[in-house]
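Counting starts at 1 for both ligands and their atoms, in listed order.
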Amino acid sequence: MVSVTRIPVLAGNWKMFKTLPETVAYLQEFKILVQYAEGCEIVIAAPFPALAAAADTVRGSRIRIAAQSLHWETEGAFTGEVSAAMLASAGCSDVIIGHSERRQLFGETDETVNRRLLAALAAGLRPIVCVGETLDQREANETKDVLLSQIDGAFASLTSDSASPIIVAYEPVWAIGTGRTATPEIAEEAHRILRGRIREILGAVTADNVRILYGGSVKPANIQSLMSKPEIDGALVGGASLDPVSMAAIIHYQS
Ligand code: PEP
């Protein structure tokens, strides 16, 4: 058996927080705090108006800048939307797709997740695709079915070549912003289900290499136990990423 090393990814999702000056001030402090962090990738997903300034502020550092969504069309009469090329030209390298808040509040479906995913890949952006079950679905023993159908929907018509940059984030909806973290064992089980399906759809090489992040009330106090599970390849962090010191502590979880 070939052993695979997956470089951990620690990503912050700021959601609808931080103005442009707040973004620049955060990143000026943060890039110093994480300048010696090695052995992981660091991503910050800032709001649209601050993306270009964010990318300028971190230039020359290892911090990658992500958007929190995109539209699948390249351009057109889609008021309020932004395209993959616009994000890339603003200095983004990554984009979050299908966050549960987009699914629950803005009508995102597996089909639109797939369209956004294909558009991101076509423009050279690295997608961070979010999946996860609600509390009702978990209590009804539907977690596995929900995760499988979200992966099937998101990955429709992908080939293993085109899929290689994709990152998946397992974010149980009941753990997001609630302070209720999934246990490392619950997260690991979900990650196994997801990787198994990716293996069936896209083959062993892609499945072994895809990074699957856990998201849901990750904090400096729980990151180490989550990262102790070989199936957990990093974290997507909401609330705790809003403070540069706390996000830096998450990134330095090994020290
Ligand atoms: C998120 O927004 O993706 C998230 C996981 O939020 P929190 O860490 O606040 O639960």
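Within a 6.0 Å radius of CD1 in I7, other residues, nucleotides and ligands contribute 12 heavy atoms or fewer. The local environment of NZ in K144 is sparse, with at most 12 non-hydrogen atoms from other residues, nucleotides or ligands closer than 6.0 Å. Counting heavy atoms of neighbouring residues, nucleotides and ligands inside a 6.0 Å radius, atom CD of E185 exceeds 12 of them.
Considering only non-hydrogen protein atoms, atom 5 (C) of ligand 1 sits nearest to E171 OE2, 3.1 Å. Nearest protein heavy-atom neighbour of atom 8 (O) of ligand 1: G238 N, 2.8 Å. Summary of contacts: the protein heavy atom closest to atom 9 (O) of ligand 1 is G239 N, 2.8 Å.
In terms of N/O distances under 3.5 Å, ligand 1 is not approached by G216. In terms of polar-atom proximity, defined here as any N/O pair under 3.5 Å, T178 makes no such contact with ligand 1. For ligand 1, none of its N or O atoms has an N or O atom of I176 under 3.5 Å away. Residue-to-ligand polar distances keep E101 apart from ligand 1: every N/O pair is separated by 3.5 Å or more. On a distance-only criterion, A240 and ligand 1 share no N/O pair closer than 3.5 Å.
Interface atoms of ligand 1 facing N13, defined by a heavy-atom separation under 4.0 Å, are 1 (C), 2 (O), 3 (O). Of all atoms in ligand 1, numbered sequentially from 1 with element shown, those under 4.0 Å from a heavy atom of A175 are 10 (O). Remark: ligand 1 atoms within the under-4.0 Å shell around heavy atoms of G177 are 7 (P), 9 (O), 10 (O).
Distances from ligand 1 to the non-hydrogen atoms of H99 include at least one value under 4.0 Å. Note on ligand 1: C130 sits outside its first shell, no heavy atom being nearer than 4.0 Å.
Side chain to side chain, S100 and Q104 fail the donor-acceptor criterion of an N or O pair below 3.5 Å. One side chain, E133 or W174, offers a donor N or O that lies under 3.5 Å from an acceptor on the other. Between the side chains of H99 and E171, at least one donor N or O sits under 3.5 Å from an acceptor N or O.
A heavy-atom distance below 4.5 Å is not found between the side chains of Y170 and I232.
None of R138, Q137, E189 except one satisfies the side-chain contact (heavy atoms from CB on, under 4.5 Å) rule with T143; the exception is R138.
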